[in-house]
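Here is the structure we will look at, set down as structure tokens.
Counting starts at 1 for both ligands and their atoms, following the listed order.
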Amino acid sequence: MLVTPSAHSIDPQTGALAGNTGRYQKRLSDLRGLYADSDAFEHAAQEDGERVVYTVEDVRPEASAGDLIFGTTFMEPGRIGSEFFMTRGHIHATANRPETYYGESGSGLMLMESPDGQTNILEVHPRTMVYVPPLWIHRSVNTGNTPLVMSFCYPVDSGQDYEVIARSGGMAVRIMADGNGWASVPNTGYRPRTQTEVDAILATQA
Ligand SMILES: O=P(O)(O)OC[C@H]1O[C@](O)(CO)[C@@H](O)[C@@H]1O
Ligand SMILES: [Fe+2]
């Protein structure tokens, strides 16, 4: 069945995506357990747990395979303790589905981790296209003091698996403020995946 082509303007400052079919927001209270400093988190959540940390708008086609989902992510600047605001992070449920992210405004980074625990970090700036290849767990981090807005695109049959990060006690590194910039520091609660867990991820490829 033919789908009608469409064009969608993106506001690089707000991430507003014309003609979006979906939108969701993650509030501070939705992000419990992500940050190293749980006291600082509880303090911030008590002050304003309803505070929106990031907003995602997207266009989702009806097709079940071969098509694309595209949209925008708007991330507020901020920190819990010295750890920068970040998305929950995930691997695609069909793990060999890739994704692109394009910097619209602000600055941050894409924190990526392979199933066997290698870390790869790429900075995202306006007019930078970041490629997240198949099989990489990915999380966006706003390391600036202004909103980070990115547009993204990924296959419609990707899905998101959030448990992969929870099971390993978070990602292997955390992104912390360091002077005027950022530093990656080891996550002391990290439990590397076993070979059985790695094999289970690889088995979700299609
Ligand atoms: O799904 P998370 O990890 O909360 O982060 C949101 C980002 O990831 C995506 O789900 C795309 O993979 C986008 O919707 C958005 O850019
Ligand atoms: Fe993704």
Parallel, tilted or perpendicular, as decided by the 30° and 60° cut-offs, for the rings of H92 and H138: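 Rings of H138 and H92: perpendicular, over 60°.
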
Shortest-distance N/O/S atom, H92 versus the Fe ion (ligand 2):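 In H92, the heteroatom (N, O or S) nearest the Fe ion (ligand 2) is NE2.
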
Shortest-distance N, O or S atom of H90 relative to the Fe ion (ligand 2):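 The Fe ion (ligand 2) is closest to the H90 atom NE2, counting only N, O or S.
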
Charged N-O contact under 4.0 Å between K26 and E76: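 Looking at E76 together with K26, the answer is no, because their closest N to O distance does not fall below 4.0 Å.
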
Pairing of R97 and D157 as salt bridge, 4.0 angstrom limit: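 Result for this pair is yes, salt bridge flagged.
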
Nearest protein heavy atom with distance in Å, relative to [atom]:
atom                    : result
atom 10 (O) of ligand 1 : Q160 NE2, 3.2 Å
atom 16 (O) of ligand 1 : T73 OG1, 2.5 Å
atom 11 (C) of ligand 1 : E99 OE2, 2.8 Å

Part of M150 with heavy atoms under 4.0 Å of ligand 1, whether side chain, backbone, both or neither: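 Answer for M150: neither.
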
Give a yes/no verdict on whether any heavy atom in [X] is under 4.0 Å from an atom of ligand 1.
X   : answer
H92 : yes
F74 : no
D58 : no

Short N or O distance, Y154 and ligand 1, threshold 3.5 Å exclusive: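 Among all N and O atoms of Y154, none is under 3.5 Å from an N or O of ligand 1.
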
F152 N/O under 3.5 Å from ligand 1 N/O: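 No, no N or O pair falls under 3.5 Å.
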
